[in-house]
There are 2 protein chains.
Amino acid sequence: MNFQRRKQKILDQLNSTGEVDIKKLAAELNISEITSRRDLNQLANDGLLYRTHGGAMKVDPLAKPHDFVNKSAQNSTVKDDICRKAAEHIIDGDIIFMDCGSTVFRLCQFIKNKKIKVITNSLPVIYELQNSAVSINIIGGELNSERQAVHGKMANEHISKYRAGKAFLGVDGISENGLFANSELEAEITQAYINQSTYTYVLCDAGKIGNETYLKFADINQVEAIITNAGDDKLDRFKDTALTIL
Amino acid sequence: MNFQRRKQKILDQLNSTGEVDIKKLAAELNISEITSRRDLNQLANDGLLYRTHGGAMKVDPLAKPHDFVNKSAQNSTVKDDICRKAAEHIIDGDIIFMDCGSTVFRLCQFIKNKKIKVITNSLPVIYELQNSAVSINIIGGELNSERQAVHGKMANEHISKYRAGKAFLGVDGISENGLFANSELEAEITQAYINQSTYTYVLCDAGKIGNETYLKFADINQVEAIITNAGDDKLDRFKDTALTIL
DNA sequence: TCAATTATGATTATTTTTGAACAAATAAGC
DNA sequence: GCTTATTTGTTCAAAAATAATCATAATTGA
């Protein structure tokens with residue numbers, strides 16, 4: 001029994017039982033304990049298992065935290081309504097920013113056939129638009145795998161090199177006092193998009209309006225329009241602002 | 001019993017039992033051990049089996065039990081062999097560049113469990129590594145949808161802001177005269193990676209060696225090592241270079 | 001036929017693999 | 001806290017497999 005074959009057996013057992021024991025392994029494979037220990041060390045070195053005292057464990061099955069598609073299915077008709085309205089403001093030749101919220105993501109389906117350039121930091125947006133009429137620019141930097149988007153200093157710098165006519169942004173909250181986010185990283189990105197676009201649309205469902213959550217990152221007069229499904233009662237609060245409501 | 005006939009028998013046995021043993025092989029085929037060893041080495045050189053101490057195994061079963069996308073089955077075992085070798089040079093804590101060739105893509109499966117940072121302009125690499133132990137940095141810029149990779153001026157600038165210990169690159173051709181590419185855009189990106197990495201590995205199968213195609217974009221002494229399955233006959237041409245051959 | 005190439009085998013040195021012994025580090029029990 | 005048992009890392013040696021070298025047999029092509 002050579003190492004390669006043992007390696008297979010060890011990984012097989014690890015896959016089914018989740019852990020292996022040095023002593024048992026030595027007995028089962030008919031090798032000395034030190035050899036089985038060496039096997040495990042080598043496999044651990046290749047990142048194929050976690051070494052423990054007296055044995056080894058499976059590597060974390062990589063808990064998939066965030067399924068973007070599922071999240072984006074929630075409230076889909078409301079979001080789709082908002083996005084359909086937003087798409088009416090996008091015409092061939094436009095250069096637009098799209099950020100990484102689940103609402104903005106749903107805008108993709110309505111712009112696939114438009115001859116526009118999309119600049120985005122959102123991986124789902126990129127996937128969705130990949131084989132379409134849209135030309136894509138990707139914001140570079142550190143990938144936040146949970147949010148499936150690029151964030152951080154490098155991303156902000158990168159955005160500042162682009163300039164677009166329109167930006168389509170999602171927020172976690174909005175009121176007459178400004179825009180709010182749950183995450184500092186996303187707030188910075190959104191702010192960067194605002195700075196570099198001529199006209200900024202905020203896409204938000206009724207639940208976001210009046211929700212002054214965690215971090216205020218921009219004044220309300222920094223954006224030009226909101227696109228929403230909210231009724232007039234909720235939108236009253238914006239009557240003293242220059243905001244266009246769509 | 002000539003070599004062709006033995007070769008067939010060896011492969012038959014390998015297919016049915018999954019492994020062969022030098023001693024048994026010598027006895028069964030009535031040849032010396034050294035001859036059966038030579039047979040196995042030749043077959044291994046052709047990528048038809050995986051050589052082990054004392055025998056050989058089928059090529060496939062060594063691949064990780066993990067999911068892996070078998071996109072281009074062509075030459076996949078050869079490419080996997082190359083990538084397996086490459087992965088041995090990547091250790092936890094490394095920061096590496098990966099470019100956008102199909103060979104380099106296959107490296108993903110072997111590094112999923114490593115705690116490293118990957119900087120890449122290749123969308124397939126990003127997808128493949130997205131929910132893994134690997135931390136990802138995306139090179140920003142214009143997406144070339146045909147190649148599923150980011151290219152262009154912005155991408156080159158972006159790369160120049162990073163610095164990595166190792167780069168793993170694919171080429172369309174390589175010889176003692178330098179590195180060759182079929183595309184100007186890819187050549188620029190590859191050159192940028194070379195400039196910003198301390199140690200550069202070129203992954204190439206035997207077919208790429210001596211292929212002086214279209215565009216020469218770098219001298220051979222700009223890279224430190226090539227990882228290949230090619231035999232010594234093909235590698236002779238590098239004997240006057242400082243190249244490390246792995 | 002004869003030289004040249006190729007395939008095979010034998011010999012030796014080198015490398016790889018494995019196991020044993022023992023000190024150091026770690027976990028477990030009191 | 002302390003002691004004890006287990007596990008581990010290190011060093012060394014033996015065994016197996018391999019690579020390298022050379023010699024011999026088979027095959028090829030003029």
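Naming convention: chains lettered A, B, ... in sequence-line order (proteins, then strands); numbering from 1 in each chain.
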H158(A) side chain reached by V150(A) side chain, heavy atoms, under 4.5 Å: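 No, too far: nothing below the 4.5 Å cut-off.
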Contact check, side chains of I138(A) and L123(B), non-hydrogen atoms, under 4.5 Å: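 Counting from C-beta outward, I138(A) and L123(B) do come under 4.5 Å.
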Exercise: do S145(B) and N131(A) side chains pair donor with acceptor under 3.5 Å: no
Residue pair D12(A) / Q8(A), side-chain donor-acceptor N/O under 3.5 Å: no
Donor-acceptor under 3.5 Å (N211(A) side chain, D172(A) main chain):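 It does hold such a pair.
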Interatomic distance, I126(B) atom CD1 to M98(B) atom CE [nearest 0.5 angstrom]: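 Interatomic distance, I126(B) CD1 to M98(B) CE, rounded to 0.5 Å: 10.5 Å.
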Residue-phosphate contact under 4.0 Å: K23(B) side-chain N/O, dA17(D) OP1/OP2: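 Answer yes for this pair, as a side-chain N or O of K23(B) is under 4.0 Å from OP1 or OP2.
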Residue-phosphate contact under 4.0 Å: N41(A) side-chain N/O, dG9(D) OP1/OP2: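 For N41(A), the contact criterion (side-chain N or O under 4.0 Å from OP1 or OP2 of dG9(D)) is met.
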Just how far, in rounded Å, is [atom2] of [N] from [atom1] of [X]?
X: R37(A); N: dT11(D); atom1: CZ; atom2: C1'; answer: 14 Å
X: D21(A); N: dT6(D); atom1: CG; atom2: C1'; answer: 12 Å
X: K7(B); N: dT8(C); atom1: NZ; atom2: P; answer: 13 Å
X: R51(B); N: dA16(D); atom1: CZ; atom2: P; answer: 17 Å

Nucleotide N/O of nucleotides 2-4 of chain D paired with protein N/O under 3.5 Å:
none

Residue mapping more 5' on DNA chain D - nearest nucleotide basis, G55(B) or G54(A):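 Counting from the 5' end, the first nearest nucleotide belongs to G54(A).
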Could you list all N or O pairs between the protein and nucleotides 16-20 of chain C that sit under 3.5 Å apart?
residue : atom : partner : partner atom : Å
dT16(C) : O3'  : H53(B)  : NE2          : 3.3
dT18(C) : OP1  : R6(A)   : NH1          : 2.8
dT18(C) : OP1  : R6(A)   : NH2          : 3.3
dT18(C) : OP2  : R6(A)   : NH2          : 3.1
dG19(C) : OP1  : S32(A)  : N            : 3.4
dG19(C) : OP2  : S32(A)  : N            : 3.2
dG19(C) : OP2  : S32(A)  : OG           : 2.8
dG19(C) : OP2  : T35(A)  : OG1          : 2.0
dG19(C) : O5'  : S32(A)  : OG           : 3.3
dG19(C) : N7   : R38(A)  : NH2          : 2.4

Proximity of Y127(B) and Y127(A) rings by center, below 6.0 Å: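 Yes, ring centres under 6.0 Å apart.
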D39(A) and its salt bridge (charged side-chain N to carboxylate O under 4.0 Å, His left out) partner, picked from R6(A), R51(A), K7(A):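 When R6(A), R51(A), K7(A) are each tested with D39(A), the salt bridge (charged side-chain N to carboxylate O under 4.0 Å, His left out) holds only for R6(A).
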